[in-house]
Amino acid sequence: MARITAGITSSHIPALGAAIQTGTSGNDYWGPVFKGYEPIKEWIQQPGNMPDVVILVYNDHASAFDMNIIPTFAIGCAESFKSADEGWGPRPVPDVIGDPDLAWHIAQSLILDEFDMTIMNQMDVDHGCTVPLSMIFGEPDKWPCKVIPFPVNVVTYPPPSGNRCYSLGESIRAAVESYPEDLNVQVWGTGGMSHQLQGPRAGLINKDFDLAFIRDLIEDPERLRKMPHIEYLREAGSEGIELVMWLIMRGALGDKGVEELYRFYHIPASNTALGALILQPEGIGAAPPSVREQVDA
Amino acid sequence: MSDKKERIDIHEYLAEFDDIPGTRVFTAKRARQGYHLNQFAMSLMKAENRERFLADERAYLDEWQISEAAKQAVLNRDYNAMIDEGGNIYFLSKLFSTDKKSFQFAAGSMTGMTQEEYAEMMLKGGRSPQGQRSIKGGY
Ligand SMILES: [Fe+2]
């Protein structure tokens, strides 16, 4: 039986990809950010921690989906996915290799569970999907596991509610657990944390909001399920709404407790506050990384 | 599942967005207004279109059903004006990427600060939400 063994959150900002590409990931500005990811990189390479499949929840930033098609929840069911050209040429990273059997199984299960998914059999993946892979797996010739890209609309309003996202995560968990193959599956929730990329209010960062969000992601997800969009907009900036995607990850970890294995929080990463966590559902028992926390903000 | 569903009033939901200082939320209304502008920006995902655009921006823009104000906003790289015309930052990112500019550059350009001032503000922890949450409430 397949099972969900961990949830990871990560920023997916393109500037991180650019820092890798330009060889500036060790400089004064980016060095601390990449250092904050080191424990995640090491942890995931430990025996038992490398997933067979990552369900990677992200938002497409007007790359695969333009103004003509705006699916609220989509699932990548293709054999592979190419890196999108977002205006500066495609990020030079390996193709993302999917798991069509599991992806279709999840799609079918979710639809029966009343989540009416959009099924993508051909799709390019943008920085939202590939930057977290680079941050956590570095620069290999091919990605070390399969990835099911799971785009969520958080661009055109209204995005899905936090509650809907959380429930979707719960249904993803049930779908994975009904898959007969013995697979180690992780769910990654990407994007965030507080940031605003537009208008005179651009640059907004709200550390108190972010740290409370991380706390309740672990301790009180019920509060976050009820948080209306306007609260994200007011408190976490117009692009902070990406955090609803973290609730899909959290819902997928189940309704028992979760254990926080690692926390990284950093300001600033370009325009954003960055949060990267490793969470595991109760009862999995993987050892944490040697460093448990880096909060440098 | 049989619990009575609490419905959100769409009018109240949308009206609240106008109460956030310095922010334009990408609602259906803006998405309709900016459809052609955003699709123009999407076209810059192809290298040959980027070349053609950079070679003669005006001529390239004239191929699109975009308002004159929006065309001027693009020519001036005035991102606030583009957003006023229904542009969305993720679509418009194809334009500043074509210019080899970053999200930080584009975001900074909308604040009335210099790039240096904006970068400095971010280094110091970003813009505080204090007084930036609500126009009416002033908090
Ligand atoms: Fe994003």
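Atoms considered below: every heavy atom in the structure, side chains included; atoms not considered: hydrogens, waters and symmetry mates. The chains referred to below are lettered A, B, ... by the order of the sequence lines, with proteins before strands, and numbering in each begins at 1.
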Determine the option with the most heavy-atom pairs under 4.5 angstrom with chain A, choosing from [options].
options: B/I10, B/L92, B/I89, B/I20; answer: B/I20
options: B/Y13, B/Y90, B/F17, B/Y139; answer: B/Y90
options: B/G125, B/S109, B/A41; answer: B/G125
options: B/N88, B/V25, B/D99; answer: B/V25

Mind checking the [atom1]-[atom2] spacing from [X] to [Y]? Nearest 0.5 Å is all I need.
X: B/F103; Y: A/N271; atom1: CZ; atom2: CG; answer: 8.5 Å
X: B/T23; Y: A/L233; atom1: OG1; atom2: CG; answer: 8.0 Å
X: A/I230; Y: B/E16; atom1: CD1; atom2: CD; answer: 4.5 Å
X: A/R234; Y: B/Q132; atom1: CZ; atom2: CD; answer: 12.5 Å

query: Among A/P90, A/S238, A/P158, A/A236, who wins on heavy-atom pairs under 4.5 Å with chain B?
result: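 The answer is A/P158.
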field: chain B interface, residue from A/I267, A/T156, A/I241, A/I13 that has the most non-hydrogen pairs under 4.5 Å
entry: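 If we count pairs closer than 4.5 Å to chain B, A/T156 comes out on top.
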Tell me, for [X] versus chain B, whether the close heavy atoms (under 4.5 Å) come from the side chain, the backbone, both or neither.
X: A/S63; result: both
X: A/P14; result: side chain
X: A/F209; result: neither

For [X] versus [Y], what's the shortest heavy-atom pair and its separation?
X: B/R127; Y: A/R201; value: NE-O, 3.2 Å
X: B/N80; Y: A/G199; value: OD1-CA, 3.4 Å
X: B/K94; Y: A/E86; value: CG-O, 3.7 Å
X: B/R24; Y: A/Q198; value: O-NE2, 2.9 Å
X: B/P129; Y: A/I205; value: CD-O, 3.4 Å

task: Report the C-alpha separation of A/D85 and B/R50 in whole Å, then their side-chain angles, then the decisive distance to 0.1 Å, and conclude whether the salt bridge (charged side-chain N to carboxylate O under 4.0 Å, His left out) test is met.
output: CA-CA 11 Å; A/D85 183 342; B/R50 294 196 285 272; 3.0 Å; yes
Is the closest side-chain heavy-atom distance between [X] and [Y] below 4.5 Å?
X: B/S93; Y: A/H61; answer: no
X: B/Y35; Y: A/N68; answer: yes
X: A/Y157; Y: B/R30; answer: no
X: A/T272; Y: B/M122; answer: no
X: B/L123; Y: A/Y29; answer: yes
X: A/D126; Y: B/M45; answer: no
X: B/T111; Y: A/P200; answer: no

Please say whether more than 12 non-hydrogen atoms of neighbouring residues, nucleotides or ligands are located less than 6.0 Å from [atom1] in [X].
X: A/D28; atom1: CG; result: no
X: B/R58; atom1: CZ; result: yes
X: A/D255; atom1: CG; result: no
X: A/E293; atom1: CD; result: yes
X: B/E63; atom1: CD; result: yes

message: Less than 4.5 Å to any heavy atom of chain A: does that hold for the side chain of B/D19, its backbone, both, or neither?
response: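 Contact with chain A is through both the backbone and side chain of B/D19.
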- request: Under 4.5 Å heavy-atom distance to chain A, tell me which part of B/Y79 shows up: side chain, backbone, both or neither.
  value: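 For B/Y79, no heavy atom lies under 4.5 Å from chain A.
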- prompt: Short question: side chain of B/Q39, backbone of A/M67 - any donor-acceptor pair under 3.5 Å?
  reply: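 Checking the backbone N and O of A/M67 against the side chain of B/Q39, a donor-acceptor pair under 3.5 Å is found.
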